[in-house]
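Notes to accompany the following structure.
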There are 2 protein chains.
Amino acid sequence: MVAEIVSGLEYSKKVLHEVGEKIAKTREQHPNFQSVLAIVQVGNRSDSNVYINAKLKKAKEIGADGRLIKLPDTITQGDLKREILALNHDNEVDGIIIQLPLDCKHEIDADTVIDLIDPLKDVDGLTRINAGRLARGELQRTIFPCTPFGCLYLVQQATGNPNFVSGKEVVVLGRSKIVGSPAAALFLWHHGTVTICHSKTPNLKEQCLRADILIVAIGRKHFVKADWIKPGAFVIDCGINVGEDPTSRKIYGDVDTEAAKEVAGFLTPVPGGVGPMTVAMLIRNTYEQAKRRRLGKKDQDDNE
Amino acid sequence: MVAEIVSGLEYSKKVLHEVGEKIAKTREQHPNFQSVLAIVQVGNRSDSNVYINAKLKKAKEIGADGRLIKLPDTITQGDLKREILALNHDNEVDGIIIQLPLDCKHEIDADTVIDLIDPLKDVDGLTRINAGRLARGELQRTIFPCTPFGCLYLVQQATGNPNFVSGKEVVVLGRSKIVGSPAAALFLWHHGTVTICHSKTPNLKEQCLRADILIVAIGRKHFVKADWIKPGAFVIDCGINVGEDPTSRKIYGDVDTEAAKEVAGFLTPVPGGVGPMTVAMLIRNTYEQAKRRRLGKKDQDDNE
C-alpha cells in the first residue's frame, strides 16, 4: 500500500479561498464588513517574525485584515494585560492571538495573559473557557484550536466523509495544551474512541498499532516508525522539528514519512501538511467571529 | 482470583474523619473558622431530598456547616441566577452546588447557571473554567469534580500507592460532564494512558479487556460482564441504576459485580462504593476552599 499524501498546502488554499469568497459575499450586503486579526508579539524572535508575516500575508490575500501589535521585550505582565484588555474593547478587532513563545525579559505567565482574551475573540481557542467547552463537547459554542481543527478538516476532506472519525480508533501521541489535549477532545466529540498517550505510556508502539487515525504531536524527529502504523491508517503528523544542521532551515515531522507511506492509507507531510492548515483555520476562525460579532449573530450564551 | 471489594463507605468515613480533624485543628488557632456548603435546590424531587439530606448530615457530623436554599419550581432562570450571584458574594459561604436535576416549570439551562458559580466556590468542580483547567492538567488550580476525585482516591488508597495510575492502561466508559469526561482528564494527568469509550464505540468489550483500571459510568444496569474484565484489573463502578421493581429502592451498578469479582483484582461495589466517596469529596473540597478563602491562603491566580 502506498499512502495518499494529504497536502495541507492545497487544502489550506481551499479553506482560504472559501473564506475569501465569504468575505466578498458578505461585503455585497455589508460594504464596510471587516475581519480583523490582532497578533500580539512580545520581543523580536526571528522565527516568530516568519510565522507572523505568514499569517498577516495570508489574511491580506483573501481580503481579511491583520494588525501586528509589537511590544518591547522589556514589557511587564501588567502592561501586557492592559494591551489585551484594550484589544478586547476595540470594536475594530475580531480575533486576538498572542504569538508564542514570548520573548521577554520580565517573567510573564503566558497562560494567565491568554486567559484574559475575550472568549469571543479567542481565535486560537486557547483560553480555559474554550478548553472547558471543548472538553465537555459543547461544540456549537467552542472556538476550535487551530491545529486540531486543521487535523480534523484534513481527515474529513481527504476521506470525503465528514463523519469519518465516528466509531474509529483514534490514538493521540502527546497531551499539550495547544495540540494533543484539544485534538483528543475534538476527535472524541466527533465520536472517535480516543486514547491519549504521553511520556509515561510504556507501550507506545503497541498503542499506535491500534490506531485507525494516528495523531502525532510530541516534537521528536521521526519518532514514529513504519512498523508502528496499522496498515491503511490515517496518520497526521503535527511535528515541527529542526534538524541537527544549524545552517539548514529544513524541518522534520514526528513521523518517519518515507517509510511510513508504505504502510499508511493517508499521511500528512512535513512541511506542507498540518502547518499551513493551522494558519488557514486561524483566519477562518477570525472570520466566523467577525461575522457573529459585527453582524449581530449573537451566541445564546448569556453567562458572559 | 477473588477481587478485593473496595468499600467506599469505609474510605469515605476516613476522608470525613480527616476533614473533621482538620476543622477542629484549624479552630484551635481560628475559633470562628467555618466551612459552609450551600446547596441550591429547585423544586422538591424526593430523590434530591434524600441526597441533599445525606450531604447536610455528613457535613454537620464532622463540624462543617450546610445551608439549603430551597427554591420553588416556579422560579425563572433570571431569579435563579440572582440567587447564585448572591451566594457568590456571601462571605459566609465557602462552597456552592446546584442539586441536579432541576425540578422546574420554566426552562432553565443548568449549565449556564452552574457556570455563574464563582470558580473558587465551585466545589462540585462543574464550571467550565474548572473543566478547562482539568483538561489542561493544571491540577494545582483545579477543584476536582467529586465523583472522579473519589474514584482516584479509592485507587490510591486501596492499592496503597499514590502513583498507581502512572503508566497504567485506563479505560473510561462514558463521557458525561460529571463523571466520564473529568475522570478521563484526572486519570490522564495522573499519568495513565487513557481511552474514552462511549455509545459510538463499536468494540466495548475488547476495549475493556485492555484496562488495568476500568471506570464505568454509563448508567446501564450490569452492562459490563465478567468476561469484559482483564484478570486482576481495578474496576470502578460509578453506576446508580434502579431496578425494574418500582416498590424496591434497591440500586444496581453498571458492572455485574457478582460475576466480575471472580476476575477483577479490585472492585467497588454498588451501593457503598463510589456514592459515599462523592459526598465525602464534596465536603473535603468545601473545607479546602474555606481554608483558602477564609485564612487568606490565596491562589496565585490573578486573572479572576
Side-chain angles (χ1 to χ4, degrees), chain A residues 77-78 81 109 111-116 119 126-138 141-142 163 165-172 175-178 180-182 184-185 187-204 206-207 210 300-304, chain B residues 77-78 81 84 109 111-116 119 126-138 141-142 163 165-171 175-178 180-182 184-185 187-204 206-207 210 300-304:
Chain A
Q77 182 158 327
K81 282 170 66 171
D109 179 25
D111 286 335
T112 297
V113 177
I114 287 171
D115 236 24
L116 292 170
L126 295 182
T127 56
R128 288 187 182 88
I129 197 116
N130 255 312
R133 284 179 176 159
L134 184 57
R136 293 156 62 135
E138 300 166 345
R141 290 162 47 164
T142 304
N163 297 317
V165 177
S166 182
K168 294 293 191 302
E169 195 96 36
V170 181
V171 175
V172 181
R175 52 181 170 174
S176 73
K177 288 172 197 178
I178 297 180
S181 287
F187 280 70
L188 170 68
W189 290 105
H190 284 77
H191 309 306
T193 300
V194 176
T195 302
I196 313 172
C197 303
H198 45 78
S199 55
K200 299 277 176 29
T201 299
N203 54 345
L204 284 173
E206 187 188 313
Q207 297 287 351
R210 291 194 295 107
Q300 291 307 309
D301 192 5
D302 55 354
N303 65 324
E304 282 167 358
Chain B
Q77 181 158 328
K81 284 169 65 171
I84 303 300
D109 179 24
D111 286 335
T112 297
V113 177
I114 289 171
D115 237 23
L116 291 170
L126 295 181
T127 56
R128 288 188 181 88
I129 197 117
N130 254 314
R133 285 180 176 159
L134 184 57
R136 293 155 62 135
E138 299 167 344
R141 289 163 47 163
T142 303
N163 297 317
V165 177
S166 182
K168 293 293 189 305
E169 194 95 38
V170 180
V171 175
R175 51 181 170 175
S176 73
K177 288 171 197 179
I178 296 180
S181 287
F187 280 71
L188 170 67
W189 290 106
H190 283 78
H191 309 306
T193 301
V194 176
T195 301
I196 313 173
C197 303
H198 45 79
S199 56
K200 300 278 177 25
T201 299
N203 55 345
L204 284 174
E206 187 187 312
Q207 297 287 350
R210 291 194 294 107
Q300 292 306 310
D301 191 3
D302 55 355
N303 64 325
E304 281 168 358

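Proteins get letters first, then strands, A, B, ... in listed order; numbering begins at 1 in each.
- The distance from the CD1 atom of B:I84 to the CD1 atom of B:I114 is 8.5 Å, given to the nearest 0.5 Å.
- Counting only heavy atoms from C-beta outward, the side chains of B:V170 and B:H190 never approach each other to under 4.5 Å.
- When side chains are defined from C-beta on, A:R175 counts as touching B:H191, because their heavy atoms get closer than 4.5 Å.
- Heavy atoms closer than 4.5 Å to chain A are found in the backbone of B:L126, but not in its side chain.
- Highest contact tally toward chain A, considering only B:N203, B:T201, B:I196, is held by B:I196 [criterion: heavy-atom pairs under 4.5 Å].
- Of the residues considered (A:G167, A:G180, A:S181), A:G167 shows the highest number of contacts with chain B, using heavy-atom pairs under 4.5 Å.
- Using a 4.5 Å cut-off between heavy atoms, A:H198 contacts chain B through its side chain alone, with no backbone atom that close.
- Between B:K168 and B:F187, the closest side-chain pair of non-hydrogen atoms is not below 4.5 Å.
- Looking only at heavy-atom pairs under 4.5 Å with chain A, the residue among B:G137, B:S199, B:G132 that has the most is B:G132.
- In this structure, the portion of B:T127 lying under 4.5 Å from any heavy atom of chain A is its backbone and not its side chain.
- Side-chain contact check for A:Q207 versus B:R210: some heavy-atom pair is nearer than 4.5 Å.
- Note that OG1 of A:T142 is 8.5 Å distant from CZ of B:R128, once rounded to the nearest 0.5 Å.
- Contacts of A:I178 with chain B are absent, with no heavy-atom separation under 4.5 Å from either backbone or side chain.
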